[in-house]
Chemist: 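Quick one: structure below, then a few questions.
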Amino acid sequence: MIAALKKGDTDAFRDCFFCYHTKLLSFYRKKSVPEQDALDLVQSVFLKLWQNHETLNEQYNIEQHIFQIARTQYIDWLRIQNKRQFQVSEQLAELASPATQDPSLEYDMRQKLQLALDKMPDMRKRVFELHRLKGYSYGEIASIYSISVKSVDNHVAKAVRQLRQAFGSIIAISLLFL
């Protein structure tokens, strides 16, 4: 398969994709990568494979190549996540300093949060409140509502997405949960 890929054989690439797509998704899921990010990472692995198909080493099998790319993509993804988290933490620290605290702003933001939560479907709202506002783990919430941990993850992700749209900024949302 490596020889065919090196020559630019699109049929070999398609076969490779169908053979390893599910394995890569499982790899990322085991690493607790959110579903959409996992799909994006799988796509980027195959994109990198195709972009570099002429340089593949025939001494290694295709699985070794694919999973080496996958590990590198995962490390890059982790670095980006950590960088985002650090930036948000720095901005939150600045926003939360006594010089910038405004009780009326906090009250307005809490009201806006409540309005945004009230627009959510009931289950999404309850799951989000338990996790983000009361500190319950995904497993605890899953057992309370008799749903899967993945369903809890989906509810939280959709709630955060909805709040981002309502607030327009991750900083505003994060400020509410200090």
Side-chain angles (χ1 to χ4, degrees), residues 17-47 66-67 70-97 100-178:
F17 176 83
F18 287 118
C19 183
Y20 290 101
H21 179 267
T22 305
K23 289 180 182 179
L24 282 173
L25 267 176
S26 295
F27 170 77
Y28 288 124
R29 286 178 182 147
K30 287 178 185 174
K31 303 273 187 204
S32 299
V33 175
E35 189 68 20
Q36 189 57 51
D37 287 348
L39 290 168
D40 291 344
L41 285 168
V42 168
Q43 183 177 2
S44 70
V45 166
F46 285 104
L47 180 62
I66 287 174
F67 280 94
R71 282 186 288 277
T72 303
Q73 294 292 71
Y74 176 66
I75 291 167
D76 291 345
W77 178 83
L78 283 175
R79 285 182 182 138
I80 291 167
Q81 299 307 309
N82 288 338
K83 184 177 179 181
R84 283 182 188 154
Q85 198 171 20
F86 179 74
Q87 288 172 340
V88 168
S89 297
E90 279 187 329
Q91 291 170 341
L92 285 175
E94 184 179 312
L95 287 172
S97 71
T100 60
Q101 285 182 348
D102 181 356
S104 65
L105 176 64
E106 183 179 340
Y107 177 76
D108 289 344
M109 299 218 12
R110 289 197 184 278
Q111 278 191 316
K112 192 171 182 180
L113 172 65
Q114 193 57 51
L115 287 172
L117 288 173
D118 290 341
K119 290 180 184 177
M120 290 181 188
D122 188 49
M123 180 60 89
R124 185 180 304 165
K125 176 184 174 181
R126 289 185 286 161
V127 167
F128 180 80
E129 287 175 336
L130 283 177
H131 179 64
R132 291 289 174 101
L133 302 178
K134 296 184 180 175
Y136 283 67
S137 71
Y138 281 12
E140 291 170 326
I141 297 168
S143 65
I144 289 170
Y145 291 117
S146 299
I147 58 176
S148 70
V149 172
K150 186 65 184 159
S151 292
V152 173
D153 180 47
N154 287 336
H155 283 298
V156 171
K158 287 178 182 178
V160 168
R161 217 173 295 129
Q162 196 169 339
L163 289 173
R164 280 185 185 146
Q165 290 172 348
F167 285 90
S169 168
I170 190 69
I171 302 306
I173 294 169
S174 300
L175 180 61
L176 297 170
F177 305 110
L178 286 175

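Not measured: the values here are computed from a predicted model. Index from 1, following the sequence.
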Chemist: Start with the C-alpha gap between His155 and Ile141, add the side-chain angles, then the distance that decides, and say whether side chain to side chain contact (heavy atoms under 4.5 Å, CB included) holds.
Modeler: CA-CA 11 Å; His155 283 298; Ile141 297 168; over 6 Å; no
Chemist: Using the ring-ring contact (aromatic ring centres under 6.0 Å, His included) definition, which of the options Tyr138, Tyr136, Tyr145 pairs with His131?
Modeler: Tyr138
Chemist: Would you give the length of the straight line joining atom CG of Leu41 to atom CG of Leu24, rounded to the nearest 0.5 angstrom?
Modeler: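 Leu41 CG to Leu24 CG: 9.5 Å, rounded to 0.5 Å.
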Chemist: From Met120 CE over to Glu129 CD, what is the distance, rounded to the nearest 0.5 angstrom?
Modeler: 8.5 Å
Chemist: Check the surroundings of atom NZ in Lys150: do more than 12 heavy atoms from other residues, nucleotides or ligands lie under 6.0 Å from it?
Modeler: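 Enclosed: over 12 neighbouring heavy atoms sit under 6.0 Å from NZ of Lys150.
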Chemist: What is the distance from atom OG of Ser137 to atom CG of Leu130, rounded to the nearest 0.5 Å?
Modeler: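 The OG atom of Ser137 sits 10.0 Å away from the CG atom of Leu130.
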Chemist: Distance check, rounded to the nearest 0.5 Å: Ile66 atom CD1 versus His21 atom NE2?
Modeler: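 If I round to the nearest 0.5 Å, the distance is 11.5 Å.
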Chemist: Calculate, to the nearest 0.5 Å, the distance between atoms CG and CD belonging to Asp153 and Glu35 respectively.
Modeler: 8.5 Å
Chemist: Provide the closest heavy-atom pair for Gln162 versus Pro121 in the form atom of the first, atom of the second, distance.
Modeler: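 Looking at all heavy atoms of both residues, the closest pair is OE1-CD, 4.4 Å.
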Chemist: I'd like to check Gln36 versus Leu39 (side-chain heavy atoms, cut-off strictly below 4.5 Å). Are they in contact?
Modeler: yes
Chemist: Taking all non-hydrogen atoms of both residues, which atom of Ala70 and which atom of Tyr28 are closest, and how far apart?
Modeler: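 Looks like O-OH, 2.9 Å.
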Chemist: Testing Lys31, Arg29, Lys30, Lys23 for side chain to side chain contact (heavy atoms under 4.5 Å, CB included) with Phe27, which one passes?
Modeler: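 The single option meeting the side chain to side chain contact (heavy atoms under 4.5 Å, CB included) with Phe27 is Lys31.
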Chemist: Which label fits Trp77 and Tyr74: parallel for a plane angle under 30°, tilted from 30 to 60°, or perpendicular past 60°?
Modeler: parallel
Chemist: Decide if atom NZ of Lys158 counts as having more than 12 heavy atoms of other residues, nucleotides or ligands within a radius under 6.0 Å.
Modeler: no
Chemist: Can you tell me how far the CG atom of Leu78 sits from the CD atom of Gln73, to the nearest 0.5 Å?
Modeler: 11.5 Å
Chemist: Does a side-chain heavy-atom distance below 4.5 Å link Val42 with Tyr20?
Modeler: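 Counting from C-beta outward, Val42 and Tyr20 never come under 4.5 Å.
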Chemist: Show your working on salt bridge (charged side-chain N to carboxylate O under 4.0 Å, His left out) between Lys125 and Asp122 and close with a plain yes or no.
Modeler: CA-CA 5 Å; Lys125 176 184 174 181; Asp122 188 49; over 6 Å; no
